[in-house]
Amino acid sequence: MNWRSIFITFGKVLLGIFLFLLLVAIFTLTRVDRSPIEEQEFYKKTLQSLQDLPIQSTQGDLWLAGWAKANMTPAKPIDLVGYAPRGPYDFVQDSSFVKSIFLSNGKSSIAWLNLELLIVHPHLAKSIETAVKKEFPEISQVIFTATHTHSGMGGYMPGPAGELAFGGFKEEIVQMMTEKSLEAIAKAKMEVDTVSITYRKANAEELLANRFIKDGPTDPFTRQLIFTKKSGEKATLITYSAHATCLSSKFMGLSGDYPFYLMKSLEEKEFDFALFASGTVGSHRPIAPGNQVEDIMSYASQLDSINRLKMTRYATIRNTSLKNTRLDIQLREPHLRISDNWRIRPWLFDWLVGDTNAHFDITQIGNTLMISSSGEISGVFYEKWEKLAESKGLNLIITTFNGGYIGYITPDELYDKHFHEVREMNWYGPGNGKYFDDMITKIIEQSGI
């Protein structure tokens, strides 16, 4: 074989490789859609659905509540979820729990379910919701929350992405979590008694920071609902917007990170029961003294102290009205990007990730409006929304990880910045900052005492 024939053969191989890669790119990649979100049909339909949203509303004579937890620590080590794939945990630093608060005004009832997990995946949420509807048909709304620990267990996320990056999938883990959720609700219902409900808010600005912009805006507040029985027994649902990422990414123990120790501290000092729900964590990091277990214990203790000492609002919820509804959110095609202007095609995203169950759970307890989101919302929006709520006589509590997950919701001006949260984790394209701002603003405007 002479050099000319070698060169021709080599050229054909290169051309074949090029054509193959070109076909793969055409089949799997497409351009980012930057058309204005307010011009999209899904935007108009969702805002119209919100305008026409049916709301279940009852007026009771008193508040009834109960609370309980169930241990859902696996019998054997399973993969950790958070940061990057780490394999099974080596030891149990903290047991993992599912916690529930059951609330009724005598006419209708709801239940919060908090799981010490990274997120509440749609597959897990569906399993639990189906079981709750069958076992407790009187509960009109189940509100999921997660602590968002990055050192929690996996095993509940199906699909290739779940298998490869999020702790694998084991149906027996989903079934166990479902059974433990039912156990927690059943125990909570058994402990029901008349309660008073108060709303409390405190400024803990020194313990979190903006992840994107140095000295940038934050949502610095803890927000609480406090349930007090006539016996003096007390429970609290508390939110905060710092990511549960205090522990090192190399830590190989099962842990609830700072929310676990915050709840423990609250239960040791002031409450009989504490449930932590992640707030608007989408752009907030904790300012912890270090990344070891003793450091997160110290951080949680600081947060507990500040929560008690720097209170900015305390008010009793006297109106015993209970309202709830659900808004399903339509979105752009998936926009998981590989560069500024290129993304993987929707079919590939759907194959990798599966159902994202985009929605808001909306609950109004007297004059306290609670919005639970599938999007990991940035706290930088909160100040505007809270001022609007206050102008209508409402307390506002926003939580995340409601049994759906659609990635980060951050200010639109950050969309082309090279941050992990606004590229790899912004799953549905440009304009979602405005979209969520418009939806939540409208929810608040339509609410009232």
Side-chain angles (χ1 to χ4, degrees), residues 65-72 93-103 112-117 143 145-149 151-152 184 187-188 191 193 195-208 219-229 231-244 246-247 255-279 281 286-289 293-317 368 370 395 397 399 401:
W67 43 84
K69 65 182 179 180
N71 192 322
M72 63 174 190
Q93 174 63 38
D94 316 313
S95 294
S96 296
F97 292 91
V98 53
K99 294 187 172 185
S100 179
I101 297 176
F102 174 86
L103 178 67
W112 286 276
L113 274 177
N114 172 261
L115 294 98
E116 292 188 73
L117 301 173
I143 306 162
T145 69
T147 60
H148 200 44
T149 173
S151 294
K187 288 180 179 178
E191 299 297 324
D193 200 353
V195 295
S196 63
I197 307 177
T198 50
Y199 169 83
R200 187 164 77 178
K201 177 181 172 184
N203 190 336
E205 61 188 352
E206 56 265 61
L207 293 181
L208 56 68
D219 168 37
F221 298 101
T222 60
R223 295 174 180 85
Q224 288 178 266
L225 290 180
I226 300 170
F227 307 87
T228 306
K229 295 181 179 180
S231 64
E233 188 180 357
K234 295 166 66 177
T236 186
L237 182 154
I238 183 168
T239 72
Y240 191 53
S241 291
H243 253 79
C246 294
L247 283 169
S255 175
D257 208 283
Y258 85 82
F260 176 89
Y261 292 98
L262 174 62
M263 290 186 284
K264 184 177 180 181
S265 182
L266 287 164
E267 290 172 351
E268 288 173 349
K269 296 176 182 176
E270 187 177 0
F271 298 95
D272 299 283
F273 180 89
L275 182 156
F276 179 91
S278 289
V281 297
I287 302 177
V293 172
E294 57 270 22
D295 298 316
I296 64 170
M297 289 180 177
S298 174
Y299 179 81
S301 180
Q302 282 183 273
L303 183 54
D304 180 22
S305 296
I306 290 170
N307 181 59
R308 285 182 284 112
L309 297 173
K310 296 184 67 176
M311 183 171 61
T312 62
R313 181 169 171 76
Y314 186 88
T316 300
I317 301 173
T368 298
M370 302 188 71
N395 306 313
I397 299 176
T399 61
F401 312 113

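In this text, all values refer to a predicted model and were calculated from it rather than measured experimentally. Nothing fancy with the numbering, it's 1 onward along the sequence.
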Restricting to non-hydrogen atoms, name the atom on Ser100 and the atom on Ala188 that form the minimum distance, rounded to 0.1 Å. O-CB, 4.1 Å
What are the two closest heavy atoms between Leu117 and Ala146, and how far apart are they? O-CB, 3.6 Å
Mind checking ring-ring contact (aromatic ring centres under 6.0 Å, His included) for Phe401 and listing every partner two or more places apart, or none if nothing turns up? His148
Tell me every residue that passes salt bridge (charged side-chain N to carboxylate O under 4.0 Å, His left out) with Arg308, counting only those two or more places apart in sequence or in another chain. Asp304
Quick one: side chains of residues 219-227, donor-acceptor pairs under 3.5 Å with protein atoms, not counting sequence neighbours, listed by atom name and distance.
unit_1, atom_1, unit_2, atom_2, d
Asp219, OD1, Arg223, NH1, 3.2
Asp219, OD1, Arg223, NH2, 3.0
Asp219, OD2, Arg223, NH1, 3.1
Asp219, OD2, Ser241, OG, 3.0
Asp219, OD2, Thr280, OG1, 3.4
Thr222, OG1, Asn307, OD1, 2.6
Arg223, NE, Tyr382, OH, 3.4
Arg223, NE, Glu386, OE2, 3.0
Arg223, NH2, Glu386, OE1, 3.0
Arg223, NH2, Glu386, OE2, 3.3
Gln224, OE1, Arg200, NE, 3.0
Gln224, OE1, Arg200, NH2, 3.1
Gln224, OE1, Asn307, ND2, 2.8
Gln224, NE2, Thr236, OG1, 2.8

Partners meeting salt bridge (charged side-chain N to carboxylate O under 4.0 Å, His left out) with Glu206 (sequence neighbours left out): Lys310
With sequence neighbours left out, the residues meeting side chain to side chain contact (heavy atoms under 4.5 Å, CB included) with Asp94 are Ser255, Phe260, Tyr261
Using 0.5 Å steps for rounding, measure from the OG1 atom of Thr316 to the CD1 atom of Ile197. 10.0 Å
Ser278: which residues meet the side chain to side chain donor-acceptor pair (under 3.5 Å) condition with it, sequence neighbours left out? none
Do Glu191 and Trp67 pass the side chain to side chain contact (heavy atoms under 4.5 Å, CB included) test, and can you show the C-alpha distance, the side-chain angles, and the key distance before you say yes or no? CA-CA 7 Å; Glu191 299 297 324; Trp67 43 84; over 6 Å; no
Show the atom names and distances, to 0.1 Å, of all donor-acceptor pairs under 3.5 Å that link a side chain in residues 294-301 to residues at least two apart or in another chain.
unit_1, atom_1, unit_2, atom_2, d
Asp295, OD2, Asn291, N, 3.2
Asp295, OD2, Gln292, N, 3.0
Tyr299, OH, Leu207, O, 2.6

Partners meeting side chain to side chain contact (heavy atoms under 4.5 Å, CB included) with Asp272 (sequence neighbours left out): Glu233, Lys234
Residues at least two apart in sequence or cross-chain that pass side chain to side chain donor-acceptor pair (under 3.5 Å) with Asp257, listed by chain then number, are none
Sequence neighbours excluded, the answer for side chain to side chain contact (heavy atoms under 4.5 Å, CB included) partners of Ser196 is Thr228
For the residue pair Ser96 and Asn71, what are the closest heavy atoms and their distance? O-OD1, 3.3 Å
Between Tyr258 and Ala288 (side chain of the first, backbone of the second, donor and acceptor by atom type, cut-off under 3.5 Å), is there such a pair? no
For side chain to side chain contact (heavy atoms under 4.5 Å, CB included), just list the numbers for Ile397 and Asn395, CA-CA rounded to whole Å, side-chain angles, deciding distance to a tenth of an Å, and then say yes or no. CA-CA 7 Å; Ile397 299 176; Asn395 306 313; 5.7 Å; no
Can you confirm whether Met370 sits close enough to Leu237 that some side-chain heavy atom of one is under 4.5 Å from a side-chain heavy atom of the other? yes
Would Tyr240 and Phe276 count as a side chain to side chain contact (heavy atoms under 4.5 Å, CB included) if you check the C-alpha gap in whole Å, the side-chain angles of each, and the deciding distance to 0.1 Å? CA-CA 8 Å; Tyr240 191 53; Phe276 179 91; 3.9 Å; yes
For Ala277 versus Asn114, what's the shortest heavy-atom pair and its separation? CA-ND2, 4.4 Å
For Val98 versus Ala184, what's the shortest heavy-atom pair and its separation? O-CB, 3.9 Å
CG-CG distance between Leu113 and Leu275, expressed to the nearest 0.5 angstrom: 8.5 Å
Residue set satisfying side chain to side chain donor-acceptor pair (under 3.5 Å) with Glu267, at least two apart, ordered chain then number -> Lys99
Give the minimum heavy-atom separation between Glu116 and Thr147, together with the two atoms involved. CA-OG1, 3.5 Å
